[in-house]
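Read through the structure below, which is laid out as structure tokens, and then see the notes.
So you know, we letter chains A, B, ... as the sequences are listed, proteins then strands, and number each from 1. The analysis underlying the following values was restricted to heavy atoms, covering all of them including side chains, and did not include hydrogens, waters or symmetry mates.
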Number of protein chains: 2
Amino acid sequence: MEVNDVKILLVDDESDVLDFMKYNLEKEGFWVYTAQDGLEGLQLAKKINPDIIILDLMMPKLDGIETCRELRALPEFKNTIITFLTARDEDYSQIAGFEVGADDYITKPIKPRVFISRIRALLRRLEANSGDAKLKVGDIVIDRERYMVVKSGVEIQLPRKEFELMSLLVSKPGRVFKREEILSKVWGNETIVGDRTIDVHIRKLREKIGDDYFKTIKGIGYKFDA
Amino acid sequence: MEVNDVKILLVDDESDVLDFMKYNLEKEGFWVYTAQDGLEGLQLAKKINPDIIILDLMMPKLDGIETCRELRALPEFKNTIITFLTARDEDYSQIAGFEVGADDYITKPIKPRVFISRIRALLRRLEANSGDAKLKVGDIVIDRERYMVVKSGVEIQLPRKEFELMSLLVSKPGRVFKREEILSKVWGNETIVGDRTIDVHIRKLREKIGDDYFKTIKGIGYKFDA
DNA sequence: CCTTTAGGTTAAGCAACTGTTAAGCGTTGC
DNA sequence: GCAACGCTTAACAGTTGCTTAACCTAAAGG
């Protein structure tokens, strides 16, 4: 994973702290998003699917612990790295933090260089964790390793052919796949199936994932679009 | 075992010492957790199942010796590496330390490079000892050395094939293992067994460990999930 | 408009795969 | 040599997924 592909979400109610972190992370080439409270953070996280989330503990509306718990309850954040930001000596919270599934703690104040190297350490972890087996598009995640589709937090199990078909289409969102191309890639070059077979599978996908994602290009084939 | 998979728990009441160790270990890519006293350390250890635990001797609430004794009393920490941290010349404690099952001593102050190489030495020992001897997922620990599965503290003895199968699945929780993959890894490439053999073993595991842990992905294989 | 053509929909039958059970066989320990 | 155990297989049951056929609808082009 390139540094340029890494999305980091910062959630803190203090603008100073946000600016400090954002500035330093962006200087390193990370892609930084910010939110000022837990609720906002939660929404933004669902929207952008960040790789790392840094949560302040003390926040209005929804504190860090709660936000983390809610994030971890969603399958698409099961492998996201979540870190708490805490004032030095607030450590009482560490137990509670790890209990809701935090991966790390960062204590403030922290020096820029230490901060960055901390983030890099987290990143190494992220790379080790996730093979290349995950496709993310909008609020949809396809996890080849688990044979699972996650749509805005909900895990969906698909039968084999449907899953393969969906994987294929999602692998290049927006790109149109010709019918014959789909046949050869999902069914294989040898097997010969009737005309309606693809349609039926597309139909099932529309039923399970949502109508709008799969677009028909008449006379050509299908494409996936968010 | 990858560096990125190694979890180290540091327990010391002095924040400076914690920060020093944490910083240096993280720079190397280890996964570091910290606690400030024995009780907290104990709780955190149960939660995160670390591979190496570094305990300061002098701590409030529960000192290093006692913490170690309690850790060693739990089956899942029988093979965890536990190291004491001690001020130079506190040698009186060394005897007591080894008696409760410590694996090593680190004397402070210590230089970063020496510290790291010491940890690496421990790690080599961990690998040599057990050749990935322990797999931990949620409330399940797999102890390769003793051919034992510990589920929420209860030891379960499994026959060899069942154990190998379970080990394989648990080694990557959530990941789907194809039937042929299972066959080649558990039975070996040469032996040819019938189709139903895997199913029967899965069935026995479901019987002994619990139905919900083993999920069938039809047409593909099985996966382990907590 | 009407025709043509491609795609959508549905249910049914078939095929593929997995679950379950019991029995056979070899090994080990007593 | 008997009992207990582990591994594999066979037979059957149960389930799910895949494909097809028949019919319907929508879009495009004359």
Side-chain angles (χ1 to χ4, degrees), chain A residues 146-149 155-169 176-225, chain B residues 142 144 146-149 155-169 176-225:
Chain A
R146 299 179 180 233
Y147 273 85
M148 273 285 189
V149 176
E155 291 191 337
I156 303 171
Q157 267 279 17
L158 295 180
R160 193 174 44 187
K161 287 277 193 270
E162 286 167 40
F163 184 83
E164 296 295 348
L165 174 56
M166 172 136 188
S167 284
L168 177 66
L169 295 179
V176 179
F177 290 86
K178 300 201 191 94
R179 281 171 161 266
E180 43 171 289
E181 195 178 351
I182 292 175
L183 280 179
S184 83
K185 293 210 169 136
V186 176
W187 273 263
N189 279 314
E190 281 108 65
T191 46
I192 296 161
V193 291
D195 256 8
R196 298 275 65 70
T197 305
I198 292 183
D199 309 47
V200 173
H201 282 95
I202 288 283
R203 188 184 168 275
K204 297 218 158 138
L205 285 178
R206 298 213 240 238
E207 204 174 288
K208 289 173 186 168
I209 310 295
D211 272 29
D212 314 329
Y213 293 99
F214 304 92
K215 284 186 187 147
T216 306
I217 312 297
K218 237 189 139 172
I220 316 283
Y222 296 91
K223 71 172 176 177
F224 177 90
D225 246 331
Chain B
I142 293 191
R144 285 196 152 283
R146 297 185 301 146
Y147 270 81
M148 272 288 191
V149 175
E155 295 190 338
I156 302 170
Q157 184 69 268
L158 292 181
R160 197 167 58 242
K161 291 282 188 220
E162 285 167 42
F163 184 83
E164 296 294 349
L165 174 56
M166 172 134 187
S167 287
L168 178 65
L169 295 179
V176 178
F177 290 86
K178 303 202 186 91
R179 279 169 166 269
E180 42 171 296
E181 196 177 351
I182 294 174
L183 281 179
S184 82
K185 294 208 170 138
V186 176
W187 274 264
N189 278 315
E190 280 107 66
T191 46
I192 296 162
V193 291
D195 258 6
R196 299 274 65 68
T197 306
I198 293 183
D199 308 47
V200 173
H201 285 274
I202 289 283
R203 187 179 171 277
K204 298 215 159 144
L205 285 178
R206 297 213 242 240
E207 210 173 349
K208 291 173 186 168
I209 310 295
D211 270 29
D212 312 330
Y213 292 100
F214 304 91
K215 284 186 187 149
T216 306
I217 311 296
K218 241 195 131 172
I220 315 286
Y222 295 92
K223 70 175 173 179
F224 177 91
D225 242 335

A:Asp199/A:Arg179 ion pair, N-O < 4.0 Å: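 Between A:Arg179 and A:Asp199 there is a salt bridge, with a charged N closer than 4.0 Å to a carboxylate O.
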Is the phosphate of [N] approached by [X] (side-chain N or O, under 4.0 Å from OP1 or OP2)?
{"X": "A:Arg160", "N": "D:dT16", "answer": "no"}
{"X": "B:Trp187", "N": "D:dC7", "answer": "no"}
{"X": "B:Thr197", "N": "D:dT8", "answer": "no"}
{"X": "A:Arg179", "N": "C:dA6", "answer": "no"}
{"X": "B:His201", "N": "D:dT8", "answer": "yes"}
{"X": "A:Arg203", "N": "C:dT10", "answer": "yes"}
{"X": "B:Thr216", "N": "C:dG19", "answer": "yes"}

Check: B:Lys218 side chain, D:dT16 base, donor-acceptor under 3.5 Å: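 Side chain to base: pair present.
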Could you tell me how far apart [X] ([atom1]) and [N] ([atom2]) are, to the nearest whole angstrom?
{"X": "A:Glu162", "N": "D:dT19", "atom1": "CD", "atom2": "C1'", "result": "13 Å"}
{"X": "B:Phe214", "N": "C:dT18", "atom1": "CZ", "atom2": "P", "result": "17 Å"}
{"X": "B:Asp199", "N": "D:dC7", "atom1": "CG", "atom2": "C1'", "result": "14 Å"}
{"X": "A:Lys178", "N": "C:dG7", "atom1": "NZ", "atom2": "P", "result": "14 Å"}
{"X": "B:Ile198", "N": "D:dT9", "atom1": "CD1", "atom2": "C1'", "result": "14 Å"}
{"X": "A:Arg206", "N": "C:dG7", "atom1": "CZ", "atom2": "P", "result": "11 Å"}
{"X": "B:Leu205", "N": "C:dG19", "atom1": "CG", "atom2": "C1'", "result": "14 Å"}
{"X": "A:Ile182", "N": "C:dG7", "atom1": "CD1", "atom2": "C1'", "result": "13 Å"}

Sugar-phosphate, base or nothing in reach of A:Tyr222, heavy atoms under 4.0 Å: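 Contact class for A:Tyr222: sugar-phosphate only.
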Sugar-phosphate only, base, or nothing, as touched by B:Lys161 at under 4.0 Å among non-hydrogen atoms: sugar-phosphate
A:Val193 side-chain proximity, nearest of D:dA22, D:dT19, D:dC7: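 Nearest to the side-chain atoms of A:Val193, counting from C-beta on, is D:dT19.
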Any B:Lys208 side-chain heavy atom under 4.5 Å of B:Pro159 side chain: yes
Parallel, tilted or perpendicular, as decided by the 30° and 60° cut-offs, for the rings of A:Tyr213 and A:Phe224: parallel
B:Arg160 atom CZ, over 12 foreign heavy atoms within 6.0 Å: no
Shortest non-hydrogen contact between B:Leu168 and B:Ile182, atoms and distance: CD2-CA, 4.0 Å
Residue closer to the 5' end of DNA chain D, A:Lys204 versus B:Leu158 (nearest nucleotide): B:Leu158
Between A:Tyr222 and A:Phe214, ring centroids under 6.0 Å: no
Contact nearer the 5' end of DNA chain C, comparing A:Ile217 with A:Glu207: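 It is A:Ile217, whose closest nucleotide lies nearer the 5' terminus.
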